[in-house]
Structures are given as C-alpha cells and as structure tokens.
Amino acid sequence: MTVKTRFAPSPTGYLHIGGARTALYSYLYARRHGGSFVLRIEDTDRERSTEEAVNAILEGMAWLGLEYDEGPFYQTKRFDRYKEVIQQLLDEGKAYYCFCTRERLDKLREEQMARKQKPRYDGHCRNLNRTPKQGEEAVVRFRNPLDGEVVVDDRVKGKVVFQNAELDDLIIARADGTPTYNFTVVVDDMDMQITHVIRGDDHLNNTPRQINILRALGVEPPVYAHVPMILDEHGKKLSKRAGAASVMEYRDMGFLPEAVLNYLVRLGWSHGDQEIFSLDEMVALFDIDDINSAPSSMNPSKLLWLNQHYIKHSDRKHVARHLSWHMGRLGIAPSQGPALERVVEALSERAKTLVEMAQSARFFYQAPTEYDAKAYKKHVTEAILPVLKELRERLAALSTWTGEAIHAQIHALAEERALGLGKIAQPLRVAVAGVAVSPPIDVTLELLGQEQVLSRIDRLLNHAATEGSS
RNA sequence: GCUCCCAUCGUCUAGCGGUCAGGACGCUGCCCUCUCAAGGCAGAAACCCGGGUUCAAUUCCCGGUGGGAGCGCCA
C-alpha cells in the first residue's frame with residue numbers, strides 16, 4: 001500500500017506555525033516513502049470559513065515550498081457524499097435521529113457540570129427509532145458502542161486506551177443537514193485512502209470516536225501520529241500577541257523559508273546531533289518514530305541563527321531575490337547601484353534577517369541624507385580632515401577601481417601618516433554610509449563605485465567645513 | 001470536575017539499565033580584527049519529587065506534583 005498523508009486545515013485564519021509543522025511532517029513522510037501528500041480544506045463550518053483564509057493557507061504553503069500532490073480538496077464540495085454515508089449509517093441503524101432541543105442539551109450540560117461530571121449526551125433519543133416528520137428539526141447522531149474500549153496505537157504517543165463508556169453519541173449531521181467535523185474527516189480519510197494521519201495532539205481525544213465511525217463503516221483506521229503542540233518562548237500557548245504565530249509573519253520579519261522549515265523540523269524531531277537539514281536531507285532522514293512526544297517552545301534566537309546560516313550559505317541569487325522583495329517594502333530600488341548579489345555577499349555575515357540586511361544595504365543605493373551624530377562626533381575629527389582630502393585625491397586618481405587598489409591606497413596613506421587603519425576607515429564609513437558600520441571598507445568602496453565614493457567624501461568634507469568637526 | 005497527553009541545561013534536543021549525561025541556540029571569557037559581524041578556543045548551565053523492580057536507574061513500573069489538550073448542531 002502506498003503511503004498517503006494529508007494536511008487538513010480549516011480556513012478560519014492564517015497558516016499557523018504549528019499547522020505548518022504538521023504539514024511539513026506529513027509532506028516529509030509522504031516523500032520519504034514515495035507516497036503522496038494531499039491538501040484538504042476543512043471548510044464545513046460555513047460561518048467561520050473564509051476565502052481569504054483559504055488563500056492565506058495556500059500562500060503559506062507555497063512560500064514554504066510544501067507542494068502537495070493532490071488537492072486542494074474542499075469539503076463543502078463533497079456534501080452529497082457525506083449525505084450518502086449518513087443515510088447509509090441511518091439505514092444500518094448505526095446512527096439515529098435526535099430531536100433534543102438545544103435548550104435541553106444546554107440544561108443537561110449545566111446539570112452534569114454542577115454534578116462534577118463530564119458533560120455528555122445522555123442518549124435520550126438513542127432508542128426512539130424515529131424519522132423526522134415534515135419540517136421537524138432533527139440532528140443525526142452516531143450510535144457509539146456503550147462498552148468495550150478503543151485502542152489508538154499512536155506512532156508518537158504509543159498505545160492510548162479509551163473506554164467507550166467515556167464517549168457519547170456525537171452529532172454527525174446538523175439540523176440543516178450539513179455534516180460535522182469528526183464525521184467528514186473520517187469519510188474523507190476513508191475515501192482518499194489516507195494511510196497516515198499526522199496531526200496535532202489536540203485531536204488525540206477525537207480519535208477513538210473517529211475509529212468507531214470508521215469501524216461502523218467497515219474500514220480499518222489509518223495509522224495515527226499525534227504531534228505535540230508548539231508553545232511560545234515562555235511555554236504558553238502561541239498567540240498573535242506573544243510572538244508570531246503566522247507563517248507569513250516570518251516572511252515579513254525577514255526569514256528565509258528554508259530557515260523556517262529547518263527550524264520547524266527540529267522542533268520536536270531530531271536526527272542525532274544534526275542541526276542543519278536541507279529539504280532533501282529531511283526527506284531522506286525523517287521518520288515518525290523520531291518525533292518527540294513532549295510539547296516544545298519556540299526559541300526565537302535559534303531561528304535567527306538558522307536564518308543567518310541560510311543567508312550565509314544559500315545561493316546568492318536566491319537570497320538576493322528574497323532580499324529585493326524586502327528592499328521594495330522599504331522603498332529602496334536596487335536597480336540603481338551595485339549588483340544585489342554582491343551586496344548580499346558583502347552583508348551576509350552581518351545580518352540575521354533580510355529586513356536587517358535590506359536596511360544595511362540602503363546606503364549602497366541611496367546616499368546618506370544625514371550622519372549618525374555619535375559616529376560623526378567620534379570619527380570625523382579636525383585632525384583627520386586633511387588625510388581624507390588626500391585620500392580623496394588618491395582615490396580619484398585610481399584608474400582601476402578594485403577592492404585591491406583601494407585597499408592599497410588606504411594602507412599606504414595610513415602608513416605614511418602613522419595612523420591605524422581604523423583612523424581612516426571609520427570617518428570614511430561615516431562619509432559613505434552615514435554610520436560607523438559597514439562591510440570591510442575596501443569592499444564597501446568598491447561596490448559603491450568611484451563616482452559615488454568621491455562625491456560622498458566631498459559631501460562630508462563640505463559638511464565638516466560648514467558644520468564643523470570635533 | 002471527568003478523560004487523555006506530557007516532564008533531561010533558560011530553550012531545542014541526544015540518550016533507548018552501567019555515559020566524566022553528548023550536541024545546538026543563547027550566555028560569559030579569550031583570540032582574531034579597519035567598524036559591525038563572522039570565525040576559532042575555553043567556560044558556566046539539566047535528568048521534577050517519592051516509592052518500587054534490579055547488582056545497577058535519567059532510562060522500566062506505580063503514585064504525587066506541575067504543565068497541556070479534549071469534553072459544541074467549531075475544526
């Protein structure tokens with residue numbers, strides 16, 4: 001039997017980071033075994049499902065590069081099929097109509113809670129054996145076994161046993177005839193021949209119900225693997241407030257998709273001491289049995305470290321492509337100035353995010369409009385101005401504008417004047433970048449180009465002449 | 001409240017009866033250095049508690065404590 005996994009989000013919001021991880025695990029497992037990966041949109045709750053959310057999920061999957069082999073399938077398009085199965089269960093006496101009002105159910109729940117009991121349906125209509133009269137409101141409930149137990153042989157949690165007596169008869173069709181979650185999942189997993197269900201462990205408690213329905217349908221349940229939740233950095237539930245919960249927020253913060261993927265795969269899964277995994281390596285090494293059964297917390301600084309790793313080691317063109325998107329957001333046009341790939345090369349060791357890199361890259365494309373006050377005061381001294389003037393002339397005289405030539409000029413001058421390199425490099429940085437931080441000065445000047453460098457030095461000299469130096 | 005899940009450095013984790021409890025991020029110190037980084041080296045830092053089982057428990061079992069999830073005509 002070929003492996004088939006699925007990711008089945010409900011479109012009520014963005015693609016959650018936890019969802020992204022279960023999607024990744026499902027994807028990896030299918031790929032690893034040469035199987036297929038299905039995307040299914042669970043939109044049976046028409047109140048809360050939105051098209052924007054569907055698009056957000058699709059966008060998130062695409063950004064991460066998690067390609068699905070089948071789908072997206074929409075449950076709302078399968079209502080006829082669900083109706084058919086519900087009727088089948090009804091006909092076979094495995095489901096029944098329930099006429100209890102919401103008021104009665106609410107009251108029942110309240111009473112049970114007051115008695116410190118687990119709130120559950122009391123089987124009031126279980127043996128009525130009645131079909132609704134014309135216009136009469138009724139839901140359909142699944143006739144859950146009253147005794148015995150259900151064993152979930154979970155690949156990450158191990159054997160988990162539930163007593164049927166703990167379960168009640170859940171509603172599988174609402175009064176308006178639409179099917180409910182626990183039922184549609186079962187029918188879809190059955191119809192789509194899903195072999196491995198990898199999902200959040202918040203679904204573990206639903207699993208025995210689903211298994212019972214599956215059995216009533218005469219189908220063997222798939223293999224289940226319930227992965228623990230992802231908590232925020234404080235060990236609390238991930239929320240919009242406490243750190244980013246949406247995958248797209250990570251894009252916006254300047255993360256590379258491969259960094260996010262690498263981070264997520266290691267959050268709850270491991271392969272010995274290895275930390276860095278390309279997608280191909282993940283596919284080759286991933287196994288459900290290596291998933292940790294305990295929940296894990298986000299470690300933002302480790303994600304940052306991974307991001308920097310990928311910024312440093314990924315193909316420059318690839319990084320440049322993502323960087324230009326962020327530069328666009330900051331209103332910097334990378335067309336006028338040095339090749340973006342070379343800027344990426346120069347900055348890759350000094351940026352943890354692409355947002356940071358875009359900010360640092362700004363001066364390559366836009367001359368500084370002002371000088372950082374502290375840097376100016378510290379480095380642009382009265383004594384250094386004549387040296388800068390001299391350097392300006394020597395740089396102007398250069399016929400080949402290469403890092404090497406620039407380096408030689410600066411070094412020679414520093415030596416002649418018995419100055420440390422920093423004494424010249426720092427004011428130069430202020431002149432060309434506006435701040436005292438940049439890639440190595442020779443690289444910076446080379447990338448900027450002779451014309452820009454000379455004009456920026458002139459500007460600083462003028463500024464010093466009118467505004468003064470320290 | 002009931003049912004279920006979980007528990008190794010601050011965090012992510014390795015471990016699968018005998019280890020000086022390993023790695024990674026972060027942190028601290030040193031080196032390198034034209035700035036910022038990157039890099040190199042060194043260091044501090046963990047088996048939740050109590051019972052068993054065993055010659056031997058971080059590891060297996062039970063209980064406690066502490067976290068978490070579920071208990072909808074939501075998914």
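Numbers restart at 1 for each chain; the letters A, B, ... are given by sequence-line order, proteins then strands. Both backbone and side-chain heavy atoms feed into the values below; hydrogens, waters and symmetry mates do not.
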Checking A75(B), C2(B), C73(B) against the side chain of Glu166(A) (C-beta onward), the nearest is C2(B)
- Query: If you look at every strand shown and take non-hydrogen atoms under 4.0 Å, does Gln117(A) touch a base, only sugar-phosphate, or nothing?
  - Reply: base
| What nucleic acid atoms does Phe162(A) come within less than 4.0 Å of, heavy atoms only: base, sugar-phosphate, or nothing? | sugar-phosphate
- Say you pick atom C1' in U8(B) and the same atom in C49(B); how far apart are they, in whole Å? 15 Å
**Request:** State plainly whether the residues Glu390(A) and Arg394(A) are in salt-bridge range, i.e. N to O under 4.0 Å.
**Result:** yes
Here the distance between atom C1' of A24(B) and atom CD of Gln308(A), to the nearest Å, is 15 Å
Worksheet entry | Rounded C1' spacing from C6(B) to C47(B) in Å | 16 Å
| message | Mind checking if Ala175(A) touches a base, just sugar-phosphate, or nothing, with heavy atoms under 4.0 Å? | response | base
- [ ] Could you tell me whether His226(A) contacts a base, only the sugar-phosphate backbone, or nothing, with contacts defined as non-hydrogen atoms closer than 4.0 Å?
- [x] nothing
With the side chain defined as heavy atoms from C-beta on, Glu275(A) is closest, among C34(B), A24(B), C36(B), to A24(B)
Atom CG of Leu170(A) and atom P of G72(B) are separated, to the nearest Å, by 10 Å
Do Glu258(A) and His318(A) get their side chains close enough for a donor-acceptor pair, meaning under 3.5 Å? yes
query = Will you find, in the side chains of Tyr181(A) and His203(A), an N or O donor that is under 3.5 Å from an N or O acceptor?
reply = yes
Value for CH2 (Trp269(A)) from CG (Leu285(A)), rounded to nearest 0.5 Å, stands at 5.5 Å
Base, sugar-phosphate, or nothing for Pro295(A), non-hydrogen atoms under 4.0 angstrom?
sugar-phosphate
Given A75(B), is OP1 or OP2 found less than 4.0 Å from the side-chain N or O atoms of Thr180(A)?
no
Quiz item: Given A14(B), is OP1 or OP2 found less than 4.0 Å from the side-chain N or O atoms of Ser270(A)?
Solution: yes
| request: Check whether NZ of the Lys or CZ of the Arg Arg78(A) lies under 6.0 Å from the centre of the six-membered ring of Phe73(A) and within 45 degrees of that ring's axis. | output: no
One should read off an interatomic distance between Tyr310(A) OH and Ser278(A) OG, to the nearest 0.5 angstrom, of 6.5 Å
Considering only heavy side-chain atoms of Asn299(A), the closest of A75(B), G10(B), C5(B) is G10(B)
base_contact_polar (C36(B) base, Arg429(A) side chain, donor-acceptor, <3.5 Å): no
Considering only the C1' atoms, how many Å lie between G15(B) and A24(B), rounded to the nearest integer? 16 Å
Side-chain contact check for Asp202(A): nearest option of C25(B), A75(B), A69(B) is A69(B)
Distance check, P atoms only: A42(B) and U19(B), in whole angstrom units. 25 Å
So what does Asn206(A) touch, heavy atoms closer than 4.0 Å: a base, only the sugar-phosphate, or nothing?
-> base
Answer for the Watson-Crick or wobble partner of G70(B), both distances under 3.5 Å, is C2(B)
inquiry  = Under 4.0 Å, heavy atoms only, any strand: does Pro440(A) hit a base, just the sugar-phosphate, or nothing?
reply    = base
Rounded to whole Å, the CG-P distance (Asn262(A) to U13(B)) equals 13 Å
The Watson-Crick or G-U wobble partner of U58(B), with both key distances under 3.5 Å, is none
Of the listed U35(B), A7(B), G26(B), the closest approach to the Ser301(A) side chain comes from G26(B)
Regarding the side chain of Gln426(A), the nearest nucleotide among U35(B), A38(B), G1(B) is U35(B)
Taken to the nearest whole Å, CH2/Trp305(A) to P/A24(B) is 8 Å
Using Watson-Crick geometry (N1-N3 plus N6-O4 or O6-N4) or G-U wobble (N1-O2, O6-N3), each under 3.5 Å, A14(B) is paired with none
Atom P, compared across A21(B) and A46(B): separation rounded to whole Å: 12 Å
Hey, does the side-chain of Arg120(A) have a donor or acceptor N/O within less than 3.5 Å of a partner on the base of C71(B)? no
- Message: Heavy atoms only, 4.0 Å cut-off, all strands: where does Pro439(A) land among base, sugar-phosphate and nothing?
- Response: base
- prompt: Which part of the nucleic acid does Arg102(A) contact within heavy-atom distance under 4.0 Å: base, sugar-phosphate only, or nothing?
  reply: base
Separation of U3(B) atom P from Asn144(A) atom CG, nearest Å, is 17 Å
Could you measure between the two C1' atoms, the one in G26(B) and the one in U65(B), and give it in whole Å?
29 Å
Which of G1(B), U13(B), G70(B) is nearest the side chain of Pro119(A)? It is G1(B)
Answer for the Watson-Crick or wobble partner of C30(B), both distances under 3.5 Å, is G40(B)
Original post:
Looking only at side chains, do Asn182(A) and Thr180(A) share a donor and an acceptor under 3.5 Å apart?
Top reply: no
Check your understanding: Reckon Ile441(A) touches a base, only the sugar-phosphate, or nothing at all at heavy-atom distances under 4.0 Å?
Key -> base
* Asked: Under 3.5 Å, is there an N or O donor on one side and an acceptor on the other linking the side chain of Gln274(A) and the base of G23(B)?
  -> no
message = Classify Asp176(A) by what it touches in the nucleic acid, base, sugar-phosphate, or nothing, heavy-atom distance under 4.0 Å.
response = nothing
Testing C4(B), C34(B), G23(B) for proximity to the side chain of Asp442(A), the answer is C34(B)
Pairing of Asp372(A) and Arg429(A) as salt bridge, 4.0 angstrom limit: no
If pairing means Watson-Crick or G-U wobble with both distances under 3.5 Å, then the partner of C48(B) is G64(B)
Quick note, Lys157(A) side chain, CB onward, closest among C25(B), C5(B), C73(B) is C5(B)
* To do: Pick base, sugar-phosphate or nothing for Ser348(A), based on heavy-atom distances below 4.0 Å to the nucleic acid.
  => nothing
Exercise for review: Using the C1' atom as the reference point in each nucleotide, state the distance between G50(B) and G43(B) in Å, no decimals.
Suggested key: 35 Å
Checking G72(B), C34(B), A24(B) against the side chain of Ala425(A) (C-beta onward), the nearest is C34(B)
Phe142(A) atom CZ is separated from C73(B) atom P, nearest whole Å, by 16 Å
Exercise for review: Determine: side-chain N/O of Lys378(A) to OP1/OP2 of U35(B), distance under 4.0 Å, yes or no.
Suggested key: no
Original post:
Under 4.0 Å: is that the gap between some side-chain N or O of Lys302(A) and OP1 or OP2 of U13(B)?
Top reply: no
Lys377(A) NZ to U35(B) P, in whole Å, measures 21 Å
* When all nucleic acid strands are considered with a 4.0 Å heavy-atom cut-off, which category describes Ser438(A): base, sugar-phosphate, or nothing? -> base
So what does Gly268(A) touch, heavy atoms closer than 4.0 Å: a base, only the sugar-phosphate, or nothing? sugar-phosphate
Check: Is it true that Arg209(A) and Asp168(A) make a salt bridge, defined as a side-chain N closer than 4.0 Å to a carboxylate O?
Finding: yes
- Query: Is any NZ, NE, NH1 or NH2 atom of the basic residue among Arg199(A) and Glu42(A) found under 4.0 Å from an Asp or Glu carboxylate oxygen of the other?
  - Reply: no
Problem - P-based separation of C25(B) from G67(B) [nearest Å] - result: 31 Å
When rounded to whole Å, the NE2 to C1' distance for the pair His271(A) and A24(B) reads 15 Å
